[in-house]
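Right, one structure below, let's go through it.
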There are 2 protein chains.
Amino acid sequence: MPSGKDMPRSNCPIACALDLLGDRWTLVVLRDVLLGQRRTFSEIAADEGIATNTLTDRLERLIEAGVLERRRDPRDGRSRRYVPTESGLELIPVLIELMVWGNKYMSRTVPAELLARAVGDRDALLAELVERARDSDD
Amino acid sequence: MPSGKDMPRSNCPIACALDLLGDRWTLVVLRDVLLGQRRTFSEIAADEGIATNTLTDRLERLIEAGVLERRRDPRDGRSRRYVPTESGLELIPVLIELMVWGNKYMSRTVPAELLARAVGDRDALLAELVERARDSDD
DNA sequence: TAAATCACTTGTATTTTGCAAGCTAACCAG
DNA sequence: CTGGTTAGCTTGCAAAATACAAGTGATTTA
């Protein structure tokens with residue numbers, strides 16, 4: 001009970017990563033930000049049926065973990081933009097692997113072109129996605 | 001209420017994959033089976049502090065999803081071995097990417113050799129891990 | 001200035017998870 | 001073959017996480 005945050009359950013990097021990412025919503029939120037160019041609260045909330053209090057909580061945790069940053073939108077004072085940091089961008093490979101696996105075994109709705117590149121042209125696709133995700137940082 | 005299991009929240013492959021994998025324990029269990037050669041209930045239960053009822057539930061879900069199979073141990077009738085299927089083996093890349101990211105940003109306990117290969121020699125490491133995971137299938 | 005929008009907050013109900021204990025079948029030692 | 005031990009669960013209950021619905025305050029737009 002001492003520290004403000006819970007202790008990691010172990011020092012295995014997979015288990016530690018899952019302390020942050022291992023729930024039903026966090027990686028869906030990051031998918032929106034990193035692959036979907038959805039960066040405002042309402043854009044993310046609209047996409048799948050995440051409850052707004054859960055979304056608030058996930059965004060705060062990701063900010064505290066240094067994976068996202070929150071910025072005001074200069075064009076609309078009500079709006080905030082959630083943008084990836086460097087460590088956030090480096091979660092793109094995790095999402096790509098999940099996408100490839102999920103497409104093969106759970107669903108088949110990835111555009112064929114994207115999927116083909118994820119498998120056959122992985123490095124170039126990653127570079128492109130990182131660029132695209134980084135560009136809209138403002 | 002038609003199907004025995006809940007409907008997927010969407011047909012996005014990432015969201016669908018997370019319907020199965022997106023919780024605190026499922027990927028830790030798969031880490032034990034796929035990377036750690038831990039294949040019995042008690043080996044997996046001992047490793048981190050997972051509750052036994054949760055472990056039972058996760059193993060059942062993974063079997064139902066076709067990611068693991070349960071087999072009796074011919075040497076000990078009490079014991080069961082949880083072994084990966086083909087689709088289970090193909091989750092190794094997801095675990096590797098999580099490990100690389102977790103090591104960089106959340107923890108630093110991966111053996112340097114393994115980590116170096118995960119980054120610089122990815123394809124050969126994957127092939128080797130798949131082989132090793134497959135070998136002990138019996 | 002009134003209505004709409006955005007990003008939350010606040011209850012409350014439901015679901016999931018953790019913890020401790022017990023239970024059954026299979027093995028093992030004497 | 002008997003008694004103790006081990007493996008793999010199951011059960012009951014408490015605690016935590018999540019969903020759902022409604023409301024709030026600060027903008028912005030009409």
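Only a predicted model underlies this, so the values are computations on that prediction, with no experimental measurement involved. Numbered from 1 within each chain, the chains take letters A, B, ... in sequence-line order.
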Let me know, please, whether A:F41 or B:D57 comes out on the 5' side of the other along DNA chain C by nearest nucleotide.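 Closest to the 5' end, via its nearest nucleotide, is A:F41.
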
Using whole Å, what does the distance between atom [atom2] of nucleotide [N] and atom [atom1] of [X] come to?
| X | N | atom1 | atom2 | answer |
| --- | --- | --- | --- | --- |
| A:R81 | C:dC6 | CZ | C1' | 14 Å |
| B:L59 | D:dA7 | CG | C1' | 13 Å |
| A:R71 | C:dA7 | CZ | P | 16 Å |
| B:D23 | C:dT15 | CG | C1' | 14 Å |
| B:E60 | D:dG8 | CD | P | 14 Å |
| A:L55 | C:dT9 | CG | C1' | 13 Å |
| A:I50 | D:dA17 | CD1 | C1' | 13 Å |
| B:R80 | D:dT6 | CZ | C1' | 14 Å |

I'd like to know whether A:R31 forms a side chain to side chain contact (heavy atoms under 4.5 Å, CB included) with A:D47, so could you lay out the CA-CA distance, the side-chain angles of the two residues, the decisive distance to 0.1 Å, and finally the verdict. CA-CA 11 Å; A:R31 173 206 64 182; A:D47 185 48; 2.4 Å; yes

[N] phosphate, OP1 or OP2, under 4.0 Å from [X] side-chain N/O:
| X | N | result |
| --- | --- | --- |
| B:Y82 | D:dC9 | yes |
| B:T56 | D:dC9 | no |
| A:R70 | C:dC8 | yes |
| B:W25 | C:dG18 | yes |
| A:R24 | C:dT17 | no |
| B:T54 | C:dT17 | no |
| A:S79 | C:dT5 | no |

Output all residues satisfying side-chain hydrogen bond (donor to acceptor under 3.5 Å, both in side chains) with A:T40, sequence neighbours left out; order by chain, then residue number.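 A:T40 satisfies side-chain hydrogen bond (donor to acceptor under 3.5 Å, both in side chains) with A:E43 once adjacent residues are dropped.
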
By nearest heavy atom, map B:T40 and A:A51 onto DNA chain D; which one lands nearer the 5' end?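 Result: B:T40.
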
Between [Y] and [X], is the closest basic N to carboxylate O distance under 4.0 Å?
| X | Y | value |
| --- | --- | --- |
| B:R61 | B:E64 | no |
| B:D32 | B:R39 | no |
| A:R122 | B:E97 | yes |
| B:K104 | A:E86 | no |

Please list, chain by chain and in numerical order, all residues satisfying salt bridge (charged side-chain N to carboxylate O under 4.0 Å, His left out) with B:E60, sequence neighbours excluded.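 B:E60 satisfies salt bridge (charged side-chain N to carboxylate O under 4.0 Å, His left out) with no residue once adjacent residues are dropped.
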
What string of B, S and - do you get for nucleotides 21-30 of chain D, 5' to 3', if B is base contact, S is sugar-phosphate-only contact and - is no contact with any protein heavy atom under 4.0 Å? -----BBS--

